[in-house]
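This report concerns only the one structure given below.
These numbers come from the heavy atoms of this one structure, side chains and all, not from hydrogens, waters or symmetry mates.
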Amino acid sequence: MKSLLITQAKIVNEGRIFEADVFIQDGVIAQIAPQLSVAADVTIDAAGQHLLPGFIDDQVHFRDPGFPAKGSIATESKAAIAGGTTTFMDMPNVKPTTTTLENLEAKYELAAKTAWANHSFYLGATNDNIEEVKALDPNATCGVKIFMGASTGNMLVDREQALTDIFTHSPTLITTHCEDTPMIKEQEALYREKYGDAIPMQYHPDIRCREACYKSSSFAVDLAKKTGADLHILHLTTAEEMALFAPGPVEGKKITAEACVHHLWFTADDYAEKGGLIKCNPAIKQQSDRDAIRQAVKEGRIDIIATDHAPHTWEEKQSDSYFGTPAGLPQVQQSLTALLDMVHDGVFDLETVVQKTSHNVAIRYQIEKRGFIREGYAADLVLVDMNRPHTDTRDNNLYQCGWSPWEGHTFKSSVMSTIVNGELKYHQGKFAEFTPGQRLTFTR
């Protein structure tokens, strides 16, 4: 493995921005100092660029195995590298579903051959796999995923006793998708009666309504308090839900919350232009909700920012039917630069972006020696040029599905280099030869 020296970088780490050199050897950060005089195989002059710990995305759907037309671990993790993401945690609603320990290990075997980035996989909960959950080694996975809202196949957990059992007996962190399915079904019936299948997309946030989100999220929080479970609620979308979570640092919290980039960016006004391209579950809602979520990020009620990257083919997203348009959008290649646009716009500062996309993820999931720029830690790093614009186009999009909801948007910043486990995997628009990322280890 080649040694690497990064010089004159503006390092963003643990609430500070300071200029220093970083020497990387044998995959780890060996030295950090203002001026290093060491011999290295490769030297990057990073003058004028910011060095961040790599984005750790705790929620992606890379569609592997089972849905090769939408995406694969290989294609989507390569796109992630180009976007500055060095680690991903993948969801279990694939085919076959990752709801057994055998299927969980099979995904790791697949990733060991195809994943550009570091990785971990969730074990999915069902109404009847509590014995698999109980048998889980907490260090074998990033967490247990519960769909407390409509999902793929057998993955909706809607029996209260099953939920209580999972919350009581899970040996590791529980993550939840929170929407109340009966309330959503009622709304679907009302709108179907009025519009048939051609429901205008603008009504998606009324069908996947705020009341359904809050009912499910508040139930999950109450159940976690009752059982003592370690709970992390994913992709929150309403102002009301923000009050469910305590402000402040992530350290020591048993109940934490996540927001996704698209819910921090888009609003219901964007359905007029984007239509089904931004249909996702839970739905993008009003500007007042987006603003409340942004404020919650700054207050520490939202602990983590992720993507919920969920690609579908362009053809699927062009359906004339509301019900025929699948929910989910691809964004792991654009997520960091979208957040950097928010830094330019004064929504967040750069230190907060790093905290929510790297530091807090490592802390909450107890990831071993990643998520910080520290000596002795894995060299998972990204160099960004804050003042180098680039436009998102079909030509530079790397997803299997070939599109993104940001198409045509000019970002104010660019990812210049991505380093994974000390390897310069992406540099100035070019990729190194493929080498696999590592399976995450935890300190649980």
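The side-chain hydrogen bond (donor to acceptor under 3.5 Å, both in side chains) test applied to S217 returns E241, not counting sequence neighbours. Not a single salt bridge (Lys or Arg N to Asp or Glu O under 4.0 Å) links R159 to another residue, sequence neighbours left out. With sequence neighbours excluded, the residues satisfying side-chain hydrogen bond (donor to acceptor under 3.5 Å, both in side chains) with E240 are R210. Qualifying ring-ring contact (aromatic ring centres under 6.0 Å, His included) partners for Y191, counting only residues two or more places apart in sequence or in other chains: Y203. With sequence neighbours excluded, no residue satisfies salt bridge (Lys or Arg N to Asp or Glu O under 4.0 Å) with K317. For Y122, there are no ring-ring contact (aromatic ring centres under 6.0 Å, His included) partners at least two apart in sequence or on another chain. Y377 is linked by a ring-ring contact (aromatic ring centres under 6.0 Å, His included) to nothing, counting only residues two or more places apart in sequence or in another chain. With sequence neighbours excluded, the residues that form a side-chain hydrogen bond (donor to acceptor under 3.5 Å, both in side chains) with E423 are T435. Among residues two or more places apart in sequence or in another chain, the ring-ring contact (aromatic ring centres under 6.0 Å, His included) test is passed with H390 by F411. Taking the side-chain hydrogen bond (donor to acceptor under 3.5 Å, both in side chains) definition, one finds that E368 meets it with T441, sequence neighbours left out.
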Starting from the C-alpha separation in whole Å, work towards a yes-or-no answer on side-chain hydrogen bond (donor to acceptor under 3.5 Å, both in side chains) for D197 and Y322. CA-CA 6 Å; D197 281 350; Y322 169 82; over 6 Å; no

Do K145 and T175 pass the side-chain hydrogen bond (donor to acceptor under 3.5 Å, both in side chains) test, and can you show the C-alpha distance, the side-chain angles, and the key distance before you say yes or no? CA-CA 5 Å; K145 172 65 181 290; T175 65; 5.4 Å; no

Between F266 and W406, is the ring-ring contact (aromatic ring centres under 6.0 Å, His included) condition met? List the steps. CA-CA 10 Å; F266 297 108; W406 277 279; 5.3 Å; yes

From CA spacing to verdict: side-chain hydrogen bond (donor to acceptor under 3.5 Å, both in side chains), Q295, R290: CA-CA 9 Å; Q295 182 60 31; R290 184 195 69 179; over 6 Å; no

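T97 and T99 form a side-chain donor-acceptor contact under 3.5 Å, judged by distance and modelled atom types alone. At a cut-off of 3.5 Å, with distance as the only test, a side-chain donor of T313 or E316 sits close to an acceptor on the other residue. Using modelled atom types and a 3.5 Å distance limit, the side chains of Y108 and H119 yield no donor-acceptor pair. No side-chain donor from either of T325 and K279 sits under 3.5 Å from a side-chain acceptor of the other. Counting only N and O atoms by type, the side chains of Q187 and R192 include no donor and acceptor under 3.5 Å apart. Judged purely by distance below 3.5 Å, without hydrogens or angles, the side chains of R63 and S72 never pair a donor atom with an acceptor atom. Checked by atom type, the side-chain pair H235/E258 shows no donor-acceptor distance below 3.5 Å. The closest side-chain donor-acceptor pair between T391 and H409, if any, does not fall under 3.5 angstrom. Inspection of the D165 and Q161 side chains reveals an N or O donor paired with an N or O acceptor under 3.5 Å. Looking at T126 and D128, their side chains do bring a donor and an acceptor atom within 3.5 Å of each other. A side-chain donor-acceptor contact under 3.5 Å links S404 and D392. In summary, the side chains of H177 and E179 do present a donor paired with an acceptor at a separation below 3.5 Å, with no hydrogens or angles considered.
Applying the side chain to side chain donor-acceptor pair (under 3.5 Å) test to every pair with at least one member in residues 300-311, sequence neighbours left out, gives these pairs: D57-T307, H61-D308, E76-H309, K253-D303, E299-R301. Pairs of residues two or more places apart, or lying in two chains, never qualify as side chain to side chain donor-acceptor pair (under 3.5 Å) while including a residue from residues 263-275.
Using a 4.5 Å heavy-atom threshold, the side chains of I81 and V420 count as touching. Two residues are said to be in side-chain contact when any heavy atoms from C-beta on lie closer than 4.5 Å; F323 and I199 meet this criterion. Taking 4.5 Å as the limit, every side-chain heavy atom of T141 sits out of range of all side-chain heavy atoms of F121.
Residue R439 places its CZ atom among more than 12 non-hydrogen atoms of other residues, nucleotides or ligands, all under 6.0 Å distant.
Seen from the ring of F431, K425 does not count as a face-on cation partner, given the 6.0 Å and 45° thresholds.
Aromatic ring pairs are classed by plane angle as parallel below 30°, tilted from 30° to 60° and perpendicular above 60°; the pair W116 and F434 is perpendicular.
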